Protein chains: 2
Amino acid sequence: MAAPEGLFVLEGRPTAQLIADQLREQIVQGTFRPGQQINESAVAAQLRTSRGPLREALQRLCQEGLLISHRNRGVFVLELSTADIKEIYAVREAVELAASNTLMDAGQDQINDTCRVLKEIIGDMAKHVAVSDWQAIARLDMQFHTTFVAGTGNTRLIRIYETLAAESRMCILSLEVAYPRLDVLVQEHQNLLDLLEAGDRKGLQQAVKRHLQKAVEDLTVTRQDNEITA
Amino acid sequence: MAAPEGLFVLEGRPTAQLIADQLREQIVQGTFRPGQQINESAVAAQLRTSRGPLREALQRLCQEGLLISHRNRGVFVLELSTADIKEIYAVREAVELAASNTLMDAGQDQINDTCRVLKEIIGDMAKHVAVSDWQAIARLDMQFHTTFVAGTGNTRLIRIYETLAAESRMCILSLEVAYPRLDVLVQEHQNLLDLLEAGDRKGLQQAVKRHLQKAVEDLTVTRQDNEITA
DNA sequence: GCATCGCCTATTGTTGACAATTTACAGTTC
DNA sequence: GAACTGTAAATTGTCAACAATAGGCGATGC
């Protein structure tokens, strides 16, 4: 009855999902630029597969909203307008506030487990601050928040947030160095962690709101107005 | 060619999305039962298309979480446990509370537009209450909430909520008549509408919370415990 | 000069065939 | 009779060829 999952579980995942995960990573890393068309034949060849499985993966990313499909024209990488940034961070606020509440209502063990992982991530962030590795900082930033949401154990909330995290990384990447001073950033996350550990529900909620609103300001202030999206 | 109804093609939307929409509707209507395997060849033939486009549509629904894919075994309709119901309604609460806030901060015109549509939906609900048409009531129930969220204009919030609405309809359907007395249900939605129109932010938030928590209780109380899902 | 028409190429959309895997079942052994 | 093994059927995973569409580009006409 109990299948030997351990060995085959890595390759046991559906192909389309594996390809989609690879493409998502390439998108948030900027290998594919916003607005760029995904050439099916070329990308399929690059990933050592054929157009069939690739197209299935593309549909997943279209459903996520990272790609946009135009009939008979192809799929294109999402271009982020200031309106998009506001949307993304509004949803993030909703999700993270809900996660805060759920975590606070959860057992102390669950909170401690989450805090332990968050501590490690902040530690890693501090290391990369020293060398101003923006890409790494952005990745760890979103890893922090994803871990936070994952602490709730709500699989649907987690799935939703993974897309938001990808979009957030695209925001940061597309604006290059829109980050505030890096030590301040680390401090903000440390603050969130402290409030979670202290069980300060109201304080955590307020801190999350401020943290995200500040990010929106940083991301939109330097940006030319391009709310008009084709 | 064996045209799958030129009606499809004339719409500019991608084929996989059209197929996915049809399948989603069939799933929430119970044409495909929870746990049931989707036979690709059979369903493709039923929809007058081939396995390729169908599989692309299935990937979209897997990404949404309405279907679950097991490698080399196929895709299966989601089976809802009590844990799933709690998850779904927890996320709904997060989304609807965020929508409440966004709407309250929006212009009065935007609120009025939304309220006008909500009024019509409540009117339709009242009609179907007379004949106790549960399926129709469930559809209108979710249409009410979807319209509410759509009032924010946040496309990401809307996309997220569409999946939640589908899952909620599956909850209701799988438990057959888990609804409370229908006139009470209509009254609850009327109450939400009144609070929105009155601009009573705090009252609306509390009413939304109560409304959703009550639904979870109704959906879980009669249910055998089947939290253990493979 | 400029707009329009028609061809042409590149790319996507679709299909059917083929390969690989799982599952069920019958046969065998202890 | 129970457990195991090997075969067979059904289903999914993959691929390459074919069809159809959009956009580019030059020719044509005014």
Side-chain angles (χ1 to χ4, degrees), chain A residues 1-23 27 32-33 35-63 66-79 230, chain B residues 1-23 27 32-33 35-63 66-79 230:
Chain A
M1 193 64 185
E5 299 213 345
L7 270 169
F8 314 105
V9 75
L10 272 181
E11 300 300 330
R13 298 167 59 200
T15 310
Q17 192 177 334
L18 293 169
I19 298 176
D21 289 343
Q22 288 195 26
L23 285 179
I27 290 170
F32 298 105
R33 298 280 178 81
Q36 179 182 345
Q37 179 170 9
I38 305 293
N39 186 312
E40 296 180 358
S41 303
V43 175
Q46 176 205 326
L47 295 177
R48 304 291 166 80
T49 182
S50 64
R51 285 178 56 213
L54 176 75
R55 282 173 61 90
E56 292 174 12
L58 293 179
Q59 291 303 321
R60 287 185 92 108
L61 297 173
C62 284
Q63 185 63 37
L66 263 49
L67 297 177
I68 296 173
S69 173
H70 296 283
R71 188 183 183 87
N72 290 325
R73 298 198 346 136
V75 301
F76 300 80
V77 179
L78 175 67
E79 286 185 286
Chain B
M1 64 179 271
E5 276 142 336
L7 190 87
F8 286 174
V9 183
L10 289 182
E11 296 205 37
R13 302 168 62 199
T15 309
Q17 191 177 336
L18 294 169
I19 298 176
D21 289 344
Q22 286 197 13
L23 285 178
I27 290 170
F32 298 106
R33 297 283 176 81
Q36 180 182 343
Q37 179 171 9
I38 304 293
N39 186 312
E40 297 180 355
S41 302
V43 176
Q46 177 206 325
L47 294 178
R48 302 290 204 278
T49 183
S50 64
R51 283 178 57 216
L54 176 74
R55 282 173 60 91
E56 292 174 12
L58 293 180
Q59 291 302 322
R60 288 185 93 107
L61 296 174
C62 285
Q63 184 64 35
L66 262 48
L67 297 178
I68 297 173
S69 174
H70 297 283
R71 186 182 183 89
N72 291 324
R73 301 209 12 221
V75 300
F76 301 80
V77 178
L78 176 67
E79 285 184 287

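Naming convention: chains lettered A, B, ... in sequence-line order (proteins, then strands); numbering from 1 in each chain. The model shown is predicted, which means the values in this text are computed figures rather than measured ones.
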>> Side chain of A/Ser41 only, heavy atoms from C-beta on: which candidate in C/dG13, D/dG23, C/dT12 is closest?
In response: C/dT12
> Got a sec, which residues hit side chain to side chain contact (heavy atoms under 4.5 Å, CB included) with B/Asn72, two or more places apart in sequence or on another chain?
Replying inline: none
>> Taking the side chain as everything from C-beta on, heavy atoms only, tell me whether B/Leu58 gets closer than 4.5 Å to B/Val43.
In response: no
> Any side-chain heavy atom of A/Arg33 within less than 4.5 Å of one from A/Val77?
Replying inline: no
> Taking CZ from A/Arg73 and C1' from C/dT9, how many angstroms apart are they, rounded to a whole number?
Replying inline: 16 Å
> Is there side-chain contact between B/Leu67 and B/Leu78, with heavy atoms separated by less than 4.5 Å?
Replying inline: no
> Once you round it to whole Å, what is the distance between C1' of D/dG13 and CZ of A/Arg13?
Replying inline: 17 Å
>> Considering only residues two or more places apart or on different chains, which pairs with a residue in residues 37-50 of chain A satisfy salt bridge (charged side-chain N to carboxylate O under 4.0 Å, His left out)?
In response: A/Glu40-A/Arg51, A/Glu40-A/Arg55
> Taking only residues two or more places apart in sequence, or in another chain, which ones meet B/Phe76 in a ring-ring contact (aromatic ring centres under 6.0 Å, His included)?
Replying inline: B/His70
>> With each end axis built from five pairs of C1' atoms, what bend angle do you get for the helix from C/dG1-D/dC30 to C/dC30-D/dG1? Round to 10°.
In response: 0°
>> Main chain of B/Ile19, side chain of B/Glu56: is a donor-acceptor contact present, judged purely on distance under 3.5 Å?
In response: no
> What is the distance, rounded to the nearest whole Å, between atom CG of A/Leu67 and atom C1' of C/dT12?
Replying inline: 15 Å
Kindly give the atom pairs (protein nitrogen or oxygen, nucleotide nitrogen or oxygen) under 3.5 Å for nucleotides 7-10 of chain D.
none

> Should B/Gln37 be listed as having a side-chain N or O under 4.0 Å from OP1 or OP2 of D/dT12?
Replying inline: yes
> Whole-Å distance between C/dT11 P and A/Ile38 CD1?
Replying inline: 13 Å
>> Let me confirm one number: the CG-CD distance from A/Asn39 to A/Gln46, rounded to the nearest 0.5 Å.
In response: 11.0 Å
> Taking CD from B/Glu40 and P from C/dG16, how many angstroms apart are they, rounded to a whole number?
Replying inline: 15 Å
> What's the verdict on side chain to side chain contact (heavy atoms under 4.5 Å, CB included) for A/Leu61 and B/Gln63, showing C-alpha distance, side-chain angles and the deciding distance?
Replying inline: CA-CA 8 Å; A/Leu61 297 173; B/Gln63 184 64 35; over 6 Å; no
> Are any of the side-chain heavy atoms of A/Leu18 and A/Gln22 separated by less than 4.5 Å?
Replying inline: no
>> Expected output is a numbered-order residue list: members of residues 49-61 of chain A with a heavy atom under 4.0 Å from any atom of DNA chain C. What is it?
In response: A/Arg51, A/Arg55
> When you measure from the side chain of A/Asn72, which nucleotide among C/dG13, D/dG13, C/dT23 comes out closest?
Replying inline: C/dG13
>> If we ignore hydrogens and angles and just use 3.5 Å, is the side chain of B/Gln59 paired with the main-chain N or O of B/Ala16 as donor and acceptor?
In response: no
> How long is the line joining CZ of A/Phe76 and C1' of D/dA22, in whole Å?
Replying inline: 10 Å
>> How many whole angstroms separate atom CG of B/Leu47 from atom C1' of C/dT14?
In response: 15 Å
> Between D/dG23 atom C1' and A/His70 atom NE2, what is the distance in whole Å?
Replying inline: 15 Å
